[in-house]
Every structure is written in C-alpha cells, then in structure tokens.
Amino acid sequence: MRRDRSARVPLRRSLLGRLLGVSALVAACSVAATAWLAVQTTSGAIKQEQGQNLAADARIYDTLLGYAARHPTWDGVDATVRELAEQSGRRVALTTQSRRPLADSATAAAPPVLPPQASAVVDPLSVDTVLAARSTEGQGTAADRIDPRAVGPFLLPAAERAALRRTADRNAVCLNRAGIASDVVVGPSGRPRVQMVGNDPERALYTKCELSDLDAPTGTERKALDALNGLANACLKRQGREGVRLNRGLYWGKEIGVTEPRQLPGDAREARPVPAVEPPREFTGEDDRAIASCVGTARSEQLSSYVASPALLFIGDEGGATVPGFDLSPANTAKIAGAAALVLALTVGASVLAGARLVRPLHALTGAAQRMRDGQEHATVPVSGDDEIGRLAAAFNDMSAHRARLEEQRKAMVSDVAHELRTPLSNIRGWLEAAQDGLADPDPAFVSSLLEEAVQLQHIIDDLQDLAAADAGVLRLHPEPVRVGELLSQVAAAHQARAETAGVTLTVEAGATTTVPADPVRLRQAVGNLVSNAVRHTPEGGTVTLRAYGEESGRLPDGAGDVVIEVADTGTGIPAGDLRHVFDRFWRAEKSRSRRTGGSGLGLAIVRKLAEAHGGTASATSTEGEGSAFTLRLPASGPDGMTTAS
C-alpha cells in the first residue's frame with residue numbers, strides 16, 4: 001500500500017517546526033537582550049517630569065472633534081486651539097493630512113518643526129476610539145466610529161425644535177405627576193427626548209402620557225432619513241441583498257410589542273419600540289453585519305459635506321517634543337551596540353544554517369526541472385525526508401512519472417490514429433487505382449466496398465470528434481425524460497441482424513416505467529457501443545442481456561437514486577490486468593490491431609465520456625472465460641438537475 005505523503009508530519013520533523021524553532025531561539029535572545037538593556041539603562045534615566053497627561057490630551061481631541069462635527073471647514077478654529085493650549089499648558093497644532101498648517105498655538109516667531117508622527121487624526125467620521133473612550137466630555141462610545149455630534153442634515157430648524165420641546169415638556173410634566181422622575185434632554189440635532197431617572201422605563205407604558213408623540217420623525221428628519229436609506233439600500237443592492245427600511249433611531253426591521261430593536265453599535269440615541277404592523281423580517285447575523293456596514297458607509301457619505309475634513313493633531317511642549325526621552329551614557333551606548341551585534345550574529349548564523357538546508361534540496365529540484373525542460377522524459381530527485389521539502393520532492397517525482405506516462409500515451413495515440421485512418425484510406429486508394437488501371441470494374445460490389453471503407457473512416461472521424469468535444473466540455477446534450485425500457489428495445493432491434501449473423505441472442509430486461517432524464521440520441525449511442533462491443537466479443541451460441549433498474553442512492557433530497565443500465569455478455573471475458581484499460585482510447589486486448597473482431601478502440605472511451613456528460617459513471621466487471629458486464633449509472637436528477645420518477 002502506497003504511503004500518503006500529503007499526511008501531516010509531526011511538528012518536530014517538519015520544515016515549519018524547524019523554522020519555528022530557529023525563530024523562537026532568535027526571539028528568546030532578543031527578548032533577553034532587550035530585558036537586560038531595559039534593566040541596565042532605563043533605571044533613573046527617565047526624567048521625573050516626563051509623561052503625557054492622557055486625560056488632557058483626550059479632552060483636547062474631543063473638543064476639536066466636536067468642532068469638526070459641527071463645522072464644514074476648519075475656518076475659525078484658531079481661537080479654540082489657543083484656548084485649549086492655555087488650559088493644558090501644551091502646544092496644540094492642527095494640519096491637513098498633507099501637513100499644511102491650519103492652526104498652531106506656538107507663540108515663537110519660528111515655531112519648532114512638527115514631529116513626523118501625529119498624536120491623533122481628528123476625523124468626526126472615523127473617531128479614535130481609545131481617545132474617545134478616555135474623554136469625559138465625548139458623547140460617543142468605543143463602538144461607534146461616527147461622532148454623534150455630526151448630525152448634518154438631521155439638524156432641526158428652530159420651528160421643529162420648538163414644537164418638539166413643547167411636546168417633550170408636556171410629557172415630562174405628565175410623567176412627574178405620575179410619580180416617575182423625568183427630565184428633558186436635548187440631543188446634538190436639537191431633538192428633545194424625555195429621560196426617566198431612577199425608575200423602570202416600562203412603568204411609563206401604564207400611564208396616560210402620550211410618549212409616542214415624540215417618536216414620529218419631523219419633515220427635516222424624514223427627508224434626511226430617506227436620503228440615508230437610499231444610500232444604504234444602494235450599498236446592499238451592490239452586494240445582492242434585499243434593502244431595509246431605517247427608522248429614526250437608525251435601526252432596521254419590525255418590532256413586536258416592546259421587543260428590543262436592532263440598533264447601530266454605539267448609537268447613543270434612544271430607540272423606542274413601535275408596534276408592528278406586519279410580520280417581522282428575520283435577519284441572520286451575516287445580514288445584520290452587512291446592513292450595519294452599509295448603514296455606516298451611508299452615514300459617512302451623507303455627512304461628509306457637513307463636517308470638516310480630517311486633520312492631523314499634534315500635542316507637545318513648546319520646544320517641539322511630543323514624547324519625553326532619556327539620555328544614555330557612553331557605557332550604556334556600548335552595551336546596546338554589543339547586545340545588538342550579538343543578536344545580529346545569532347540571527348545571521350541561524351539563518352545561514354537553515355537556509356543551507358533549504359537550498360540544497362531546492363537546487364536538486366531545479367536541476368531536475370531543467371532536465372525535463374531539455375527533453376529528458378523522466379527526471380527524479382532524491383527524497384531526503386518526510387517534511388515539506390521531502391513531500392515536494394515526492395510530488396515532483398510523481399509528476400515526472402505521470403508526465404512520462406502521458407507522453408507514452410500521446411505517442412501511442414498518434415500512432416493509433418495514423419493506423420486507424422491509414423487502413424481505410426489505403427483500401428479506398430487501392431480500389432480506385434485498380435479501377436483506374438482497368439483491373440477492377442466499378443460494379444455495385446466495387447462501390448459497396450468503397451462505401452464500407454468510407455463509412456468506417458467516417459465512424460472513426462465522428463468518434464474522434466465526439467471525444468474532442470467531450471474533452472473541451474462542449475458536448476451538447478438535450479435532456480428529456482427517456483423510457484429506458486423502450487430505448488433498450490430500440491438498441492436491441494438495431495443490433496438484432498448483426499447478433500443473428502454472429503449466432504448471439506439479445507435479450508432485454510427493463511421495467512416499462514423506468515425513466516431517466518437524458519439525451520436520447522447520446523444515451524442510445526452509448527448503449528449501442530456497449531451492445532456492439534458485447535456482440536463482437538461473444539462467441540456463437542452466447543447471450544447478451546440488456547438490463548435497467550433503479551437504485552436507491554440517498555443522494556437526492558426526494559429519495560430518488562440512480563438509474564442503472566447494464567449490458568452483460570457470456571463472452572470470453574477480460575483479464576484482470578486489462579480491465580482498468582478498457583475505457584482507454586485505442587486500447588484493444590488484441591495488440592496486433594487485427595480487424596478480426598472489428599472496432600477502432602474508441603467506442604468504450606466514448607461511452608465513458610457520454611456517461612460523465614450526463615453526470616454519471618461507466619464501469620466494467622469481468623470474469624475471464626465467463627463474460628463481462630458494463631454498467632452505466634446515471635443520476636435520476638439528470639445533467640441539468642431535472643428529476644423524474646422511476
């Protein structure tokens with residue numbers, strides 16, 4: 001039994017394992033050297049006053065982020081930057097992404113050059129979640145990358161704000177009278193909402209307060225929401241997904257009763273349940289992720305013209321430094337250089353050793369490939385191990401042997417094609433030359449002989465054309481429900497005369513209702529080739545039986561299985577060593593190419609191709625001296641998925 005070289009080898013023997021070992025060794029040396037350097041050089045080297053105030057930096061970032069969310073440009077930000085610098089005692093500078101200055105709190109006539117790395121990027125459509133989470137004033141969360149203060153077209157005009165505020169005040173008074181502490185909170189867009197404090201919000205459902213009066217979007221919100229919905233659905237359509245309808249809280253889907261709505265991650269606005277008016281649409285986790293992604297993209301696209309463009313934020317001291325440093329003595333510098341040199345030497349040495357072991361078998365593979373390119377039919381390389389390189393060498397050897405076998409088959413096929421075409425052409429030429437020289441009369445027998453050779457030549461060409469079409473995947477089928485019993489009877493009738501001449505009995509055993517979706521012409525051709533082959537190799541007094549039956553395979557959901565067509569004979573049989581070659585092209589058990597038994601060696605190859613084109617298989621079993629059986633197994637679903645009953 002051949003060993004499966006593709007199986008996973010133990011990690012300690014694999015190339016990956018060795019590379020991991022070398023990497024672990026180098027990493028361990030690097031970590032040890034770094035730890036030693038850290039202990040020796042950093043103790044007492046860092047100044048006491050050094051370090052950044054992350055809370056102050058976060059407040060600066062959040063203030064500028066709010067400015068960008070409420071203004072379409074950075075014009076007028078200078079006053080805000082100077083105020084932030086005075087409060088924090090730091091230098092605050094803003095530039096465009098191309099580092100063109102926008103505002104700088106530096107007071108010197110020639111301010112220090114800004115560092116190459118910015119402290120943060122101020123972009124209200126892509127918030128730095130770390131700084132936003134540290135800010136005590138920011139209103140967003142780490143999960144929402146769009147600053148909630150960027151409301152854009154959702155900003156309410158004064159008239160709508162006043163109308164909503166009156167409604168909110170009325171509801172707050174109603175809830176307070178009902179014993180539910182509440183207050184009115186105004187969001188960034190100017191929309192008020194009633195916030196209940198210290199009580200279960202569901203208690204409001206049992207009051208007579210009309211809280212739903214604040215749920216309906218205003219005209220401004222409806223217009224902005226429709227535009228956002230169109231952008232999100234366009235994104236979903238490009239992904240081949242069904243559109244959704246966003247509600248005012250930017251969630252999607254229908255609610256039943258008071259169930260929790262789907263909401264964008266981190267959306268700080270309150271999403272109040274709305275009674276359902278139609279059955280809810282079911283969303284999978286993948287649907288929710290795709291919708292959330294498209295809604296986020298649509299929000300960014302809709303708000304891009306209402307917010308300032310992204311800017312680079314630099315926070316440091318007046319001297320221009322952003323990260324405090326430490327001083328190294330010459331002795332510490334020498335230690336760092338020595339440790340770095342040691343780590344470098346270890347890395348280079350380990351890499352050279354590992355590379356040498358890798359390159360040696362690769363050189364052998366390269367040389368073998370070049371020998372194959374130069375015309376050597378079968379080039380092999382030694383297999384030195386059972387790691388990845390060893391399995392590659394084994395696969396190369398298998399490929400080389402397979403290539404040699406294919407070359408032998410190609411040469412044999414060219415020779416067989418030349419012989420099969422030359423024989424009828426030689427006969428036709430001989431008869432025509434004899435007629436031209438007056439040695440043969442063009443009588444009916446003469447014409448019949450020429451016609452027989454021409455038909456034989458046409459059969460070979462047709463068979464080669466069918467095989468070429470099957471190999472190219474362009475063999476056309478026209479499937480329809482075929483009654484297998486009727487088809488077998490037709491094939492038996494077509495071969496009856498030849499069978500009687502050979503003294504062979506043809507019998508058909510098939511149910512009258514057994515059907516299969518197939519191309520009737522191609523299926524008749526395949527069965528006819530099997531019957532012709534069986535009659536040719538069955539001696540006088542023998543029997544050829546055509547059978548068809550259904551077989552449960554469990555492959556189809558409706559329980560349908562395969563339809564099996566079998567052609568069995570009581571002929572001479574096929575030796576066990578030759579059985580695997582019977583479907584090869586131009587293969588015949590009679591190596592002399594004698595036409596005593598007829599045939600071109602293409603019939604069974606065509607049978608296999610036709611069976612595969614129908615989504616089925618062709619197989620053969622035989623007992624030498626007792627007979628053979630060729631089986632076509634076709635799926636009941638047919639080549640195009642059409643299912644028929646049996």
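As a basis for the values below, the full set of heavy atoms in this structure was taken, side chains included, without hydrogen atoms, waters or symmetry mates.
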**Request:** Give, for atom CZ of Arg241 and atom NZ of Lys237, the distance between the pair rounded to the nearest 0.5 Å.
**Result:** 16.0 Å

**Asked** So do Asn229 and Leu231 actually touch side chain to side chain, heavy atoms under 4.5 Å?
**Response** no

**Request:** May I ask you to check whether Arg100 and Thr95 show a side-chain donor-acceptor distance below 3.5 Å?
**Result:** no

**Request:** For side chain to side chain contact (heavy atoms under 4.5 Å, CB included), just list the numbers for Leu236 and Glu242, CA-CA rounded to whole Å, side-chain angles, deciding distance to a tenth of an Å, and then say yes or no.
**Result:** CA-CA 7 Å; Leu236 292 172; Glu242 183 180 353; over 6 Å; no

**Heavy-atom pair with the smallest gap, counting every atom of Pro124 and Val307** = CG-CB, 3.7 Å

**Request:** Keeping the roles fixed (side chain from Thr297, backbone from Ser293), state whether a donor-acceptor pair exists under 3.5 Å.
**Result:** yes

**Prompt:** Passes side chain to side chain contact (heavy atoms under 4.5 Å, CB included), Leu94 versus Leu312? Steps please.
**Reply:** CA-CA 6 Å; Leu94 276 176; Leu312 301 181; over 6 Å; no

**Message:** If you define the side chain from C-beta out and look only at heavy atoms, does anything of Val173 sit under 4.5 Å from Asn176?
**Reply:** no

**Prompt:** Can you check whether Asp519's main-chain N or O pairs, donor with acceptor, with His614's side chain at less than 3.5 Å?
**Reply:** yes

**Request:** Identify the residue among Leu313, Leu64, Ile60, Thr63 that makes a side chain to side chain contact (heavy atoms under 4.5 Å, CB included) with Val81.
**Result:** Leu64

**CG-OG distance between Leu102 and Ser309, expressed to the nearest 0.5 angstrom** = 7.0 Å

**Request:** For residues Arg161 and Leu155, determine if any side-chain heavy atom of one lies less than 4.5 Å from a side-chain heavy atom of the other.
**Result:** yes

**Request:** List the atom of Ala85, the atom of Arg90, and the distance in Å for their closest heavy-atom pair.
**Result:** CB-O, 3.3 Å

**Request:** Decide yes or no on side chain to side chain contact (heavy atoms under 4.5 Å, CB included) for Thr80 and Glu83, but give the supporting numbers first.
**Result:** CA-CA 5 Å; Thr80 303; Glu83 182 181 354; 5.6 Å; no

**Message:** Under a 3.5 Å distance rule, please check whether Ser189 uses its side chain to pair with a backbone N or O of Val151 as donor and acceptor.
**Reply:** no

**Fill in**
Interatomic distance, OG@Ser126 vs CG@Asp147, rounded to 0.5 Å, equals 11.5 Å

**Message:** Between Val295 and Ile291, does the side chain to side chain contact (heavy atoms under 4.5 Å, CB included) criterion hold? Intermediate values first, please.
**Reply:** CA-CA 6 Å; Val295 172; Ile291 296 171; 4.0 Å; yes

**Asked** Would Thr220 and Thr218 count as having a side-chain donor-acceptor pair, cut-off 3.5 Å?
**Response** no

**Request:** Flag yes if more than 12 heavy atoms outside Arg99 fall under 6.0 Å of its CZ atom; otherwise flag no.
**Result:** yes

**Asked** Considering residues, nucleotides and ligands other than Glu286, do more than 12 of their heavy atoms fall under 6.0 Å from its CD?
**Response** no

**Asked** Does some side-chain heavy atom of Leu65 sit less than 4.5 Å from a side-chain heavy atom of Arg149?
**Response** yes

**Distance (rounded to the nearest 0.5 Å) between Met196 CE and Asn171 CG** = 10.0 Å

**Item:** Side-chain heavy-atom pair Tyr61, Val92 within 4.5 angstrom cut-off
**Value:** no

**Request:** Mind checking the CZ-CD spacing from Arg191 to Glu160? Nearest 0.5 Å is all I need.
**Result:** 9.0 Å

**Item:** Expected output: side-chain Gln87 to main-chain Arg82 donor-acceptor under 3.5 Å
**Value:** no

**Ser182 side chain to Gln195 side chain, donor-acceptor N/O pair below 3.5 angstrom** = no

**Message:** Counting C-beta onward and ignoring hydrogens, is there a side-chain heavy-atom pair between Pro153 and Gln302 closer than 4.5 Å?
**Reply:** yes

**Message:** As an exercise, state the distance from CG of Leu634 to CD of Glu612, rounded to the nearest 0.5 Å.
**Reply:** 11.5 Å

**Item:** Arg391 side chain near Phe396 side chain, heavy-atom distance below 4.5 Å
**Value:** no

